[in-house]
Amino acid sequence: MANPQSEGEQSDFDGDTASPQRKAEVIPDAVDHFLGSMLDSIKSRNIPEINRLYETIFNQLTDRYYSKTKWPSAQAVGDAIGNNETLFLILYKELYYRHIYARLNPVSFEDRVGSWRNYQQLLDLMIEQLSDGEDLAIALPAQWLWDILDEFVYHYQTYSTYCHKTAKMQKEKDIKELRENPGVFDTTKVLTYLHQLVRYSLIEEYLQNPEGANGRNQAFTDESTRLIGYFALMQLLRMHSLLGDYRLAMETIENIDFAAEVPLFYRIPACHVTVYYYMGFAFMMQRRYVDASRTFQDILVFLSKISAVNSLSYQYDQMLKKQDQMYVLLLMCNALCPQPLDESLEKPIREKHAEKQMRLQQGNEACFEDLFSYACPKFVAASMPDLDSPGDFNANEAHQRQLHLFLQEVKQQQALPTIGSYMKLYTSLQTSKLAQLCEMDEEGIRDQLLCVMHKTRQLVHQKEGKPLEGVLQPCGEVEFYLDGDMVHINAQKPHRPHTDVFLEHIVKFQDILKRMDRLDTAVTK
């Protein structure tokens, strides 16, 4: 398959090209043994052993030898194991650059370009095999496959931020580097890679009908192909959210197996968190607060019950941060459209977020702004900044645009809680009386009542169907209608179904029994 990089991308930067006079690198025996074991496991497609080396040994060696320095260069590794092991060296460089991004900030421009070149090689190889109808030659654990694409989009995201900061600072050396490498982490190319992985893996056809192979291979027969296509869908959801296209983001995941007994995203906790975080955020930005609130509650309740996350993983801290961000987003959704919260979430909210919750319920605009900036994705601009016209350049434009849209919605709803609180006290009252209570004129209160009717009606997703589908429903705390100069009110007091209450307490009781069994076992030993 043709490499999609443009001619203008060719530069002096190769990411791992060393000079002929480079200093010999010393590879510790433990690291040399790790590299040899990883090479043998990849050649024999021994996925359990690859997973052990990747998830445990690599992180342990990093902490022991390379917590503040780079891993050995690809040239040194090639000299040690043989430079003809092209596939292994590409995978090694994926780990090498990821370590730099995770631990050795600031990342040099040379390493940014080297990372892009390496991802091109790896993804071109995958796409070429899939487009020819072959299974992937690379057999990797699910976690590594997820990390490859997740890190690919992260490197794109950080490169976009770097470009905009560079355009603002106008340092001649940095500007020259950007001009000489115009295609590095180009938005169109990144999206193209993800779309090609989805298309050639046949993952959408598989999700629509897992039994409908009809002689086709790819996702229907090969697990690695199925997972790489599935994870590409998740990263497209993320990409479109970063670019501010929330509808297209939701359309991307319309075939995801949410209704399955065990969806594929359950296999990787970081994938599970990613899909629910970006899906919930997309719902919120489309003013579907009921769906957003339910999405955040589902994943937060799930996270409160699991402990099977590798704390050595470089993503562990990111998952904890995402969890805290989703609590904040849940509070904002609940302030804009109050909904009953799951009992298991009330305690952490009281302990960690009580002050935020109070300020949000008071309609404090500064609080909404601060919390949105903390909890939202790091938005990116789709195009490179204009390096020739830095005068009117705003490096933070993408974030400010989304913040402005959200705060507009907050301002439009500022009077709603006050009006709702008075209407809860009555079954009917005159508009003149309500206007007096709200300290408005009668015409103004009518405008606000129409605003309440509009803002409290939302599309609400039902249990079946695509995420974007839904039924238009009144979602406010009170339901009312106008009859001349009278407001007739029907207070909506949502009650949880009895089955939900019983099931929740059954689960709690089972958890208590399991803990007691573990304590008995420990005491016996």
Side-chain angles (χ1 to χ4, degrees), residues 27-66 71-74 76-78 80-102 115 118-119 121-127 129-130 134-152 154 197 201 203 218-219 221-232 234-235 264-272 308-316 319:
I27 300 178
D29 290 342
V31 175
D32 188 58
H33 179 71
F34 162 78
L35 295 170
S37 299
M38 181 66 84
L39 175 60
D40 293 340
S41 300
I42 289 173
K43 282 184 171 182
S44 61
R45 302 173 72 91
N46 185 346
I47 290 180
E49 179 62 12
I50 296 173
N51 190 60
R52 185 186 72 85
L53 293 167
Y54 172 74
E55 285 278 72
T56 305
I57 306 302
F58 176 74
N59 291 305
Q60 290 174 348
L61 292 174
T62 296
D63 289 338
R64 183 176 175 184
Y65 295 107
Y66 305 109
W71 270 69
S73 68
V77 172
I81 64 160
N83 285 303
N84 59 333
E85 301 293 346
T86 306
L87 175 58
F88 174 80
L89 290 174
I90 291 173
L91 293 173
Y92 173 76
K93 283 192 283 185
E94 196 274 325
L95 295 176
Y96 172 84
Y97 288 117
R98 190 194 311 167
H99 167 68
I100 291 172
Y101 273 78
S115 169
N118 194 60
Y119 276 120
Q121 284 185 284
L122 180 57
L123 297 178
D124 282 340
L125 178 64
M126 290 182 176
I127 291 166
Q129 291 168 351
L130 293 176
E134 302 172 6
D135 291 338
L136 286 178
I138 307 168
L140 297 176
Q143 183 66 58
W144 196 348
L145 289 172
W146 164 260
D147 290 343
I148 286 171
L149 293 187
D150 188 65
E151 198 72 7
F152 176 54
Y154 172 67
L197 288 172
S201 67
I203 186 61
Q218 283 96 339
T221 58
D222 181 56
E223 185 181 43
S224 293
T225 302
R226 185 182 311 135
L227 290 172
I228 202 72
Y230 191 83
F231 295 152
M234 300 303 184
Q235 294 305 328
L264 277 174
F265 56 73
Y266 269 47
R267 295 184 57 176
I268 307 297
C271 178
H272 194 169
V309 180
N310 181 10
S311 60
L312 290 174
S313 171
Y314 78 103
Q315 288 195 337
Y316 180 70
M319 284 186 60

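- Under the side-chain contact (heavy atoms from CB on, under 4.5 Å) criterion, R52 pairs with E49, I57, sequence neighbours left out.
- Between atom NE2 of residue H272 and atom CE of residue M319 there is a gap of 9.5 Å, rounded to the nearest 0.5 Å.
- Scanning for side chain to side chain donor-acceptor pair (under 3.5 Å) contacts around T62 gives W71, with sequence neighbours left out.
- Legend: residues meeting ring-ring contact (aromatic ring centres under 6.0 Å, His included) with Y101, ordered by chain and number and at least two apart, are H155.
- With sequence neighbours left out, A232 forms a side-chain contact (heavy atoms from CB on, under 4.5 Å) with L149, L194, L197, V198.
- Shown here are the ring-ring contact (aromatic ring centres under 6.0 Å, His included) partners of Y65, two or more places apart in sequence or in another chain: there are none.
- The side-chain contact (heavy atoms from CB on, under 4.5 Å) test applied to T86 returns I90, not counting sequence neighbours.
- A search for side chain to side chain donor-acceptor pair (under 3.5 Å) contacts involving Q235 returns D150, R238, not counting sequence neighbours.
- Applying the side chain to side chain donor-acceptor pair (under 3.5 Å) rule to Y92 yields no partners; only residues at least two apart in sequence or on another chain are considered.
- Applying the salt bridge (charged side-chain N to carboxylate O under 4.0 Å, His left out) definition to pairs two or more places apart or across chains, those involving residues 28-44 are K43-E85.
- Listed by chain and residue number, E223 satisfy the salt bridge (charged side-chain N to carboxylate O under 4.0 Å, His left out) test with R267 (two or more places apart in sequence, or in another chain).
- Shown here are the ring-ring contact (aromatic ring centres under 6.0 Å, His included) partners of F152, two or more places apart in sequence or in another chain: Y119.
- Contacts of S44 classified as side-chain contact (heavy atoms from CB on, under 4.5 Å), with partners at least two apart in sequence or in another chain: N46.
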